[in-house]
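What follows is a single structure, written as structure tokens, with notes after it.
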Amino acid sequence: MKTSTNKPNLVRPRIYIGDTIALGPGKIDLLRLIDQTRSIAAAARALKMPYKRAWLLIDSLNQGFGRPVVSTASGGKGGGGAVLTTLGQDLLDRYTALEERINSASHREIEALCALAYLQEASVFDEESPSS
């Protein structure tokens, strides 16, 4: 199921845990890219995000959970890097499973919403067509 912009129609939840933890698509995408690239800087670049912003997002998760979600190694001769901790990997896995479950369960409603959008697009084009 795709929109006219060729992006998948997804429900991407934002989860609030207490007053200190907010977990949503931005932080999850960042964790996913850190897992793939093994680098906070590379993940930030891929998201077109300043490194400092990426670090602040990770730090907010570290602070909220009271333990690290990403483990970092300083650069140097062997090079630096970043990997998800067990907690970070669990967050990524659980959020992905939640997202898949929500999207699977809401397939009908998403299709109906898309149909409304396509009807809106069609009516705009109809209004722009010259009359005979």
Audit row: Ser39, Arg45, side-chain hydrogen bond (donor to acceptor under 3.5 Å, both in side chains) steps and yes/no: CA-CA 10 Å; Ser39 165; Arg45 276 192 304 275; 5.1 Å; no
Return yes if some donor-acceptor pair links the side-chain N/O of [X] with the main-chain N/O of [Y] below 3.5 Å, else return no.
| X | Y | answer |
| --- | --- | --- |
| Ser104 | Glu100 | no |
| Tyr95 | Pro13 | yes |
| Lys27 | Leu57 | no |

Check each of Leu84, Leu31, Val69 against Gln89 using the side chain to side chain contact (heavy atoms under 4.5 Å, CB included) test, and report the only one that passes. Leu84
Knowing that exactly one of Thr20, Ile21, Asp19 qualifies, which makes a side chain to side chain contact (heavy atoms under 4.5 Å, CB included) with Ile17? Ile21
Grab the two heavy atoms, one from [X] and one from [Y], that are nearest each other, plus how far apart they are.
| X | Y | result |
| --- | --- | --- |
| Arg14 | Pro25 | NH2-CD, 4.3 Å |
| Ala44 | Ala54 | CB-CB, 3.8 Å |
| Val11 | Ser106 | CG2-OG, 3.9 Å |
| Thr72 | Ala82 | CG2-CB, 4.1 Å |

So do the side chains of [X] and [Y] get within less than 4.5 Å of each other, counting heavy atoms only?
| X | Y | value |
| --- | --- | --- |
| Thr85 | Val70 | no |
| Leu10 | Ile102 | no |
| Val83 | Arg38 | yes |

Whether over 12 other heavy atoms sit under 6.0 Å from Arg12 CZ: yes
